Amino acid sequence: MLGLNVDYSTKIPNNIGLTEDRRVLKALEGWHPGYIDWWMDMGPEGFQESLVYLRTAVSVDPKGWAKFDYVKMPEYRWGILLAPQVEGRTVPFGEHYGEPAWQEVPGEHRAMLRRLIVIQGDTEPASVEQQRHLGKTAPSLYDMRNLFQVNVEEGRHLWAMVYLLHKYFGRDGREEADELLRRRSGSTDHPRMLGAFNEATPDWLSFFMFTFFTDRDGKMQLESLAQSGFDPLSRTCRFMLTEEAHHMFVGETGVGRTIQRTCEAMKEAGIDDPHAVGKVRALGVIDLPTIQKKLNLHYTLSLDLFGSEVSTNAANAFNAGLKGRFEETKIDDDHRLSNATYPVLKLVGGEIKRVDEPALTALNMRLRDDYTADCAKGVERWNKIIEKTGVDFRLALPHVAFHRHIGEFRDVHATPVGEIIADAAWEKQKEQWLPSASDGDFINELMKPEFDTGKFASWIAPPRVGIDNKQGDFEYVKIAA
Ligand code: BYC
């Protein structure tokens, strides 16, 4: 019987009875040293000997699944955890709608399923690589701990996908699992698979924006894969979503605390004009227009992760019962999309128009719309912070045609409000909309480490509550000398 609790007696903690599955246990134990080598080479730079107050999953029971303790990161127990099997679960959409969910890989859809798992897996180590240098400029021990928590859990999410590859895909699964340790974020020869995961995360504001926007794409994609008719994938993704919530919390509160500190500093100094960039920066905080630019960048890089608005790949994955819609089981329709249409934003004769497309091929657009709605709510919460301080400024999501590299708008330039403009006009104005090199230099200058217990860098407010309800002066990371 597969329990809620995690077995820690094997080298690889798990709740899937790995001790009885000698073949997979051996394969994963074989993969383990390569993973540790990757972690030491490409995981957080420095701090590997430091004691970090981390949560580790000890159960998959939503009511109490984690325990907190000091751990050295390389000794973190990366485990394989699946949400409990739902008895009698059926394929919730597509051509196989209503058939029993698959416990083995459906042969006819093997290649497509492997591709989805590999793409998902590839993003996890990529994000760790992108963030590896941030520890040394952490604005507090609290933030440093959150960074490392996110990193170890992304590492665990890699394990989650590697388990599926080893267990269900034989030799080519093993090869794919090895490749996941070989690709490198930003490499010219051997890059990570998706665009946003080859971009730099140069500073902590980028890290917070990334965990707000890009981890939120992760949430949407995992929600869609959690609907999968391939039950082991569904169960894996369901548990990953439990951890993912904290990553988005880190992003949302990180940006929120940055905004809070900026507005407070402006008020203290009697600066009313949020566009008085020089004056605001002189206070040692990040001006709101620059925060908007960072938002524009990370939101649009994340929009690209949804693929093309109209996609036969997405239609095929849905038909096959492999990747569903956000909250598929709560949608009231035929779950096959036989005759349904969905409005898609398209470029028609140089203008942006809404055009009805078959809902099946418009699934990426639909998921992206759900994503945008979710992002917009978070942006409104940030605006509330600004409003409360009395500063007259509003953050906004740019139009989906702005700064795109994938899909319908990749070959045109558009302003943040969605006006198509000529190349020359774009070149002239883009630094008003996206972070410039000098914005980057300014932020970099602010990225001074603050490692004193309970203290925070000039540009960010303390959190309202500590992790695991710890007091403000709690030593979240005991830095090794
Ligand atoms: N960059 O039909 P198309 C996360 C490729 S994040 C580069 O338009 P499709 C996390 C595409 O591969 C969630 N290439 O799109 C967050 C295809 O190539 P092939 C990760 C791209 O396939 C933070 C071609 O263009 N999970 O978990 O419908 C930290 C045409 O594709 C891009 C997933 O993404 C791009 N942005 O949708 C840590 C879920 N976009 O095959 C973790 C699994 C498209 O013709 N993946 N291409 O050579 C999928 O569901 C889909 O593959 C995609 C693309 C949504 C990515």
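Side chains are part of it too, since the values below use all heavy atoms of this structure and drop only hydrogens, waters and symmetry mates. Since the structure is predicted, the reported quantities are computational estimates derived from the model, not experimental observations. Counting starts at 1 for both ligands and their atoms, in listed order.
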Checking side chain to side chain donor-acceptor pair (under 3.5 Å) for the pair Ser206/Lys294: CA distance, chi angles, key distance, verdict?
CA-CA 7 Å; Ser206 276; Lys294 284 274 200 187; 2.8 Å; yes
Trace of the side chain to side chain donor-acceptor pair (under 3.5 Å) decision for His246 with Gln149
CA-CA 9 Å; His246 176 67; Gln149 183 72 63; 5.6 Å; no
Between Tyr342 and Asp369, is a side chain to side chain donor-acceptor pair (under 3.5 Å) present by the stated rule, with each step listed?
CA-CA 11 Å; Tyr342 189 84; Asp369 282 345; 2.6 Å; yes
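Taking every heavy atom of Ser308 and a limit of under 4.0 angstrom, the matching atoms of ligand 1 come to 3 (P), 8 (O), 15 (O). Every atom of ligand 1 is numbered from 1 in the order shown, and the set under 4.0 Å from a heavy atom of Gly218 is 4 (C), 6 (S), 13 (C), 27 (O). In the vicinity of Ala314, heavy-atom distances shorter than 4.0 Å reach the ligand 1 atoms 28 (O). Applying the 4.0 Å criterion to heavy atoms of Glu154 picks out, from ligand 1, the atoms 29 (C), 38 (C). Heavy-atom proximity to Met193, at under 4.0 Å, picks out these atoms of ligand 1: 7 (C). Of all atoms in ligand 1, numbered sequentially from 1 with element shown, those under 4.0 Å from a heavy atom of Asn364 are 9 (P), 15 (O), 28 (O), 37 (O). Counting atoms of ligand 1 from 1 in the listed order, those under 4.0 Å from a heavy atom of Leu116 are 43 (C), 46 (N), 49 (C), 50 (O). Listed by atom number, the atoms of ligand 1 under 4.0 Å from Asp217 heavy atoms are 6 (S), 13 (C).
For atom 53 (C) of ligand 1, the nearest protein heavy atom (residue, atom name, distance) is Leu305 O, 4.2 Å. The protein atom (non-hydrogen) at minimum distance from atom 27 (O) of ligand 1 is Gln120 NE2, 2.8 Å. For atom 52 (O) of ligand 1, the closest non-hydrogen atom on the protein side is Ile119 CD1, 3.3 Å. Atom 24 (C) of ligand 1 has its closest protein heavy atom at Asn313 ND2, 4.5 Å. Closest to atom 50 (O) of ligand 1, if we only count protein heavy atoms, is Lys323 NZ, 2.6 Å. Of the protein's heavy atoms, Ile406 CD1, 3.6 Å lies nearest to atom 32 (C) of ligand 1. Among all non-hydrogen protein atoms, the one lying nearest atom 1 (N) of ligand 1 is Gly195 N, 3.0 Å.
Residue contacts with ligand 1, taken as heavy atom pairs separated by less than 4.0 Å, do not involve His157 at all. Contacts of His247 with ligand 1, taken as heavy-atom pairs under 4.0 Å, are absent altogether. Counting heavy atoms closer than 4.0 Å to ligand 1, residue Arg115 contributes side-chain atoms (C-beta onward) but none from N, CA, C or O. Of all the heavy atoms of Leu194, the ones lying under 4.0 Å from any atom of ligand 1 are found in both the backbone and the side chain. By the criterion of a heavy-atom distance under 4.0 Å, the side chain of Phe197, and not its backbone, is placed next to ligand 1. Proximity of Asp215 to ligand 1, defined as any heavy-atom pair under 4.0 Å, is shared by backbone and side chain alike.
Side-chain contact of Lys323 with Gln221: a donor-acceptor pair under 3.5 Å is present, judged by distance alone.
Protein heavy atoms are found inside the 4.0 Å sphere centred on atom 56 (C) of ligand 1. Protein heavy atoms are found inside the 4.0 Å sphere centred on atom 8 (O) of ligand 1. Less than 4.0 angstrom separates atom 46 (N) of ligand 1 from at least one non-hydrogen atom of the protein. Put simply, atom 5 (C) of ligand 1 has no protein non-hydrogen atoms near it, under 4.0 Å away.
Nearest residue to atom 36 (N) of ligand 1 from Asn316, Asp304, Leu367 is Asp304 (criterion: closest heavy atom). Within the set Lys219, His405, Glu124, the minimum heavy-atom distance to atom 42 (C) of ligand 1 is found for Glu124. With atom 54 (C) of ligand 1 as the reference point, the heavy atom nearest to it among Gly121, Gly307, Pro125, Ser302 is part of Gly307.
If you look at Tyr299 and Phe402, their ring centroids are not closer than 6.0 Å. Between His298 and Phe210, the ring center distance fails the sub-6.0 Å criterion. Taking the six-membered ring for Trp, Tyr76 and Trp39 have ring centres at least 6.0 Å apart.
Considering both main-chain and side-chain atoms, Ser311 comes within under 3.5 Å of ligand 1 through a nitrogen or oxygen pair. For ligand 1, none of its N or O atoms has an N or O atom of Glu244 under 3.5 Å away. In terms of N/O distances under 3.5 Å, ligand 1 is not approached by Thr214. By the 3.5 Å distance cut-off applied to N or O atoms, Ser127 is not counted among the residues near ligand 1.
Under the 4.0 Å criterion applied to side-chain N and carboxylate O atoms, Lys67 and Asp468 are not assigned as salt-bridge partners. Using a cutoff of 4.0 Å between basic side-chain nitrogens and carboxylate oxygens, Lys219 and Asp374 are scored as salt-bridged. One finds a salt bridge joining Glu179 and Arg182 here, because a Lys/Arg side-chain nitrogen approaches an Asp/Glu carboxylate oxygen to under 4.0 Å.
Between Leu367 and Tyr371 the shortest side-chain heavy-atom distance does not fall below 4.5 Å. Asp69 places none of its side-chain heavy atoms less than 4.5 Å from the side chain of Thr56.
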Distance-only donor-acceptor hits, side chain of residues 128-139, under 3.5 Å, sequence neighbours excluded:
| unit_1 | atom_1 | unit_2 | atom_2 | d |
| --- | --- | --- | --- | --- |
| Glu129 | OE1 | Ser185 | N | 2.6 |
| Glu129 | OE1 | Arg192 | NE | 3.3 |
| Glu129 | OE2 | Trp38 | NE1 | 2.9 |
| Glu129 | OE2 | Arg192 | NH2 | 2.7 |
| Gln130 | NE2 | Ala196 | O | 2.9 |
| Gln130 | NE2 | Glu199 | O | 2.8 |
| Gln131 | OE1 | Asn151 | ND2 | 2.9 |
| Arg132 | NE | Met42 | O | 3.1 |
| Arg132 | NE | Gly43 | O | 3.2 |
| Arg132 | NH1 | Glu45 | OE2 | 3.3 |
| Arg132 | NH2 | Asp41 | O | 2.7 |
| His133 | NE2 | Thr201 | O | 3.0 |
| Lys136 | NZ | Glu45 | OE1 | 3.0 |
| Lys136 | NZ | His133 | O | 3.4 |
| Thr137 | OG1 | Leu134 | O | 3.2 |
| Thr137 | OG1 | Trp204 | NE1 | 3.2 |

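Taking the six-membered ring for Trp and thresholds of 30 and 60 degrees, His335 and Tyr97 have nearly parallel ring planes, at less than 30 degrees apart. Between Trp382 and Phe212, the ring planes are tilted. Angles from 30° to 60° get that label.
A donor-acceptor pair under 3.5 Å links the side-chain atoms of Thr415 to the main chain of Glu419, judged by distance alone. Judged by distance alone, with hydrogens and angles left aside, the side-chain atoms of Asp304 form a donor-acceptor pair with the main-chain N or O of Ile406 at under 3.5 Å.
Among the candidates Arg325, Arg336, Gln227, the single residue satisfying the side chain to side chain contact (heavy atoms under 4.5 Å, CB included) test with Phe318 is Arg325.
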